[in-house]
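This report refers to the structure that appears directly beneath it.
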Amino acid sequence: LRNIFRSHRPSQLTLSQLKQLSNQFNLSAEEIQRWYQRFILCYPYGYVSIQEFLAYLKQLNIDRENQQYQLPKSLIKQLFYTLDLNKDRKLNFEEFFQFNFLINQGTDQDKLKFILTIHDRHSIYYTRQEIVDILKTLFDLLNISKQTNELSERINMILTSSKMNHNTTKICWNTFCTYVLNQSSSFQILLSNQLDTENVDKFKFLF
C-alpha cells in the first residue's frame, strides 16, 4: 500500500535536468528548484492535464480581464499539443515552465513565432474578424507588448498582400500562420511599433 501512494509522488529533478534548465533559461539551479517546488504544490502528480491547462488559461484570462473573446477549443487543444514536446498528452514541469517563461521573459519576436506554430490539426477556416480576435487574445495571453487596437488594419495588410483578403471567403488559420512566418515583412507588420498608414494606402492600390 505504501508503494502505491509513493507511485503518485513526482520524483525530484535530477542534477542533469537542473543543469539543462539552468543553461536553457539562464537561471540558477536554486531558482529552478524553487519553481519546481511551486509546480509540485499546484500539480502534485507532477504534470498538467489538458483539463488543468484549460483551467489555467481561464485563470490567466480572468486575471487580465480578457473575457471578451474565447479561443476556439480546437486551437486551445493545439496550443496544449504544441507545448507537449514529448507527446505524452500531458505537460511536465519543463514543458509547463517553458510556456510560463515565454510569457514572462520571452521577446515579442519569440512569442509571435510560437503563436504562428500553433497549427490547427483540422485546418479550420475563420473569417477575417475571427483571425483578428484570435490574435488579439493570444497577444494578450502571451503579454505581447504591442497595442492591439491597430491589429485589424495590420492583418488586413497581410491578407491583402497574400491575396487572401476576400470578403466572402474564410481564411485557413494554418495557411495564414505559415505565410506570416515565412514572410519577414508580414511578420514585422504585426510587431512594428507604429502602423505605417502610407503603406496601408499602397497595399490598397497594389493588390
Quiz item: With F25, which residues qualify under ring pair (Phe, Tyr, Trp, His ring centres under 6.0 Å), at least two apart?
Solution: F97, F101

Quiz prompt | Residues forming a ring pair (Phe, Tyr, Trp, His ring centres under 6.0 Å) with F96, sequence neighbours excluded | solution = F39, Y43, Y56

Quiz prompt | Side-chain (S186) to main-chain (I158) donor-acceptor, under 3.5 angstrom | solution = no

Quiz item: Counting only heavy atoms not in K73, do more than 12 sit closer than 6.0 Å to its NZ atom?
Solution: no

Exercise. Walk me through it: do L27 and L21 pass the test side-chain contact (heavy atoms from CB on, under 4.5 Å)?
Key: CA-CA 8 Å; L27 295 172; L21 292 170; over 6 Å; no

Quiz prompt | Interatomic distance, F99 atom CZ to L91 atom CG [nearest 0.5 angstrom] | solution = 9.0 Å

Practice problem: May I ask you to test the L75-L138 pair for a side-chain heavy-atom distance under 4.5 Å? | Solution: no

Quiz item: Can you check whether I189 reaches V180 side chain to side chain, under 4.5 Å on heavy atoms?
Solution: no

Self-check item: Test log, rule side-chain contact (heavy atoms from CB on, under 4.5 Å), inputs I76 and F80
Solution: CA-CA 6 Å; I76 293 177; F80 180 87; 5.9 Å; no

Exercise. For K77 and P72, indicate whether the former's side chain and the latter's backbone hold a donor-acceptor pair under 3.5 Å.
Key: no

Self-check item: Where S22 and A29 come nearest, the two heavy atoms and their spacing
Solution: OG-N, 4.0 Å

Exercise. Determine, using the 4.5 Å side-chain heavy-atom cutoff (strictly less than), whether Y125 and L159 are members of one ILVMFWY cluster.
Key: no

Practice problem: State the CD-CG distance between E31 and L18, to the nearest 0.5 angstrom. | Solution: 12.0 Å

Quiz item: Do the side chain of K111 and the main chain of N143 share a donor and acceptor less than 3.5 angstrom apart?
Solution: yes

Quiz item: When you measure from the centre of the six-membered ring of Y126, is the NZ or CZ of K170 under 6.0 Å away and within 45° of the axis?
Solution: no

Exercise. Give a yes or no answer on whether the side chain of Q98 reaches the backbone of E95 with a donor-acceptor pair at less than 3.5 Å.
Key: no

Quiz item: Is the closest side-chain heavy-atom distance between L83 and F114 below 4.5 Å?
Solution: yes

Exercise. Check step by step if side-chain contact (heavy atoms from CB on, under 4.5 Å) holds for N92 and V48.
Key: CA-CA 6 Å; N92 59 30; V48 180; over 6 Å; no

Practice problem: Using the test side-chain hydrogen bond (donor to acceptor under 3.5 Å, both in side chains), find all partners of Q17 that sit at least two apart in sequence or belong to another chain. | Solution: T14, E94

Exercise. Please check if any side-chain donor atom of D110 sits under 3.5 Å from a side-chain acceptor atom of T107, or the reverse.
Key: yes

Quiz item: Can Q188 and S185 be counted as having a side-chain donor-acceptor contact under 3.5 angstrom?
Solution: no

Quiz item: Would you find a donor on one side and an acceptor on the other, under 3.5 Å apart, between the side chain of R154 and the backbone of S192?
Solution: yes

Quiz item: Can you check whether T178's main-chain N or O pairs, donor with acceptor, with N182's side chain at less than 3.5 Å?
Solution: yes

Quiz prompt | Donor-acceptor side-chain pairing of S49 and R89 below 3.5 angstrom | solution = no

Quiz item: Is any side-chain heavy atom of N174 less than 4.5 Å from a side-chain heavy atom of Y179?
Solution: no

Practice problem: For residues L116 and F187, determine if any side-chain heavy atom of one lies less than 4.5 Å from a side-chain heavy atom of the other. | Solution: yes

Quiz item: How far apart are the C-alpha atoms of Y36 and Q33, what are their side-chain angles, what is the distance that settles it, and do they pass the side-chain contact (heavy atoms from CB on, under 4.5 Å) test?
Solution: CA-CA 5 Å; Y36 183 69; Q33 195 67 260; 3.8 Å; yes

Exercise. Hey, could you give me the CG/CG distance between D84 and D88, rounded to the nearest 0.5 Å?
Key: 5.0 Å

Self-check item: W173 (side chain) donor-acceptor with I118 (main chain) under 3.5 angstrom
Solution: yes

Quiz item: Got more than 12 heavy atoms from elsewhere within 6.0 Å of CG, N86?
Solution: yes

Quiz item: Does any non-hydrogen side-chain atom of S152 lie less than 4.5 Å from one of R128?
Solution: yes

Quiz prompt | From I171 atom CD1 to I124 atom CD1, the distance as rounded to the nearest 0.5 Å | solution = 14.5 Å

Quiz item: Do N156 and V132 have side chains that get closer than 4.5 Å, going by heavy atoms?
Solution: no

Quiz item: In Å, rounded to the nearest 0.5 Å, how long is the span from NZ of K19 to CD1 of I32?
Solution: 14.5 Å

Self-check item: From CG (L112) to CG (L181), nearest 0.5 Å
Solution: 8.0 Å

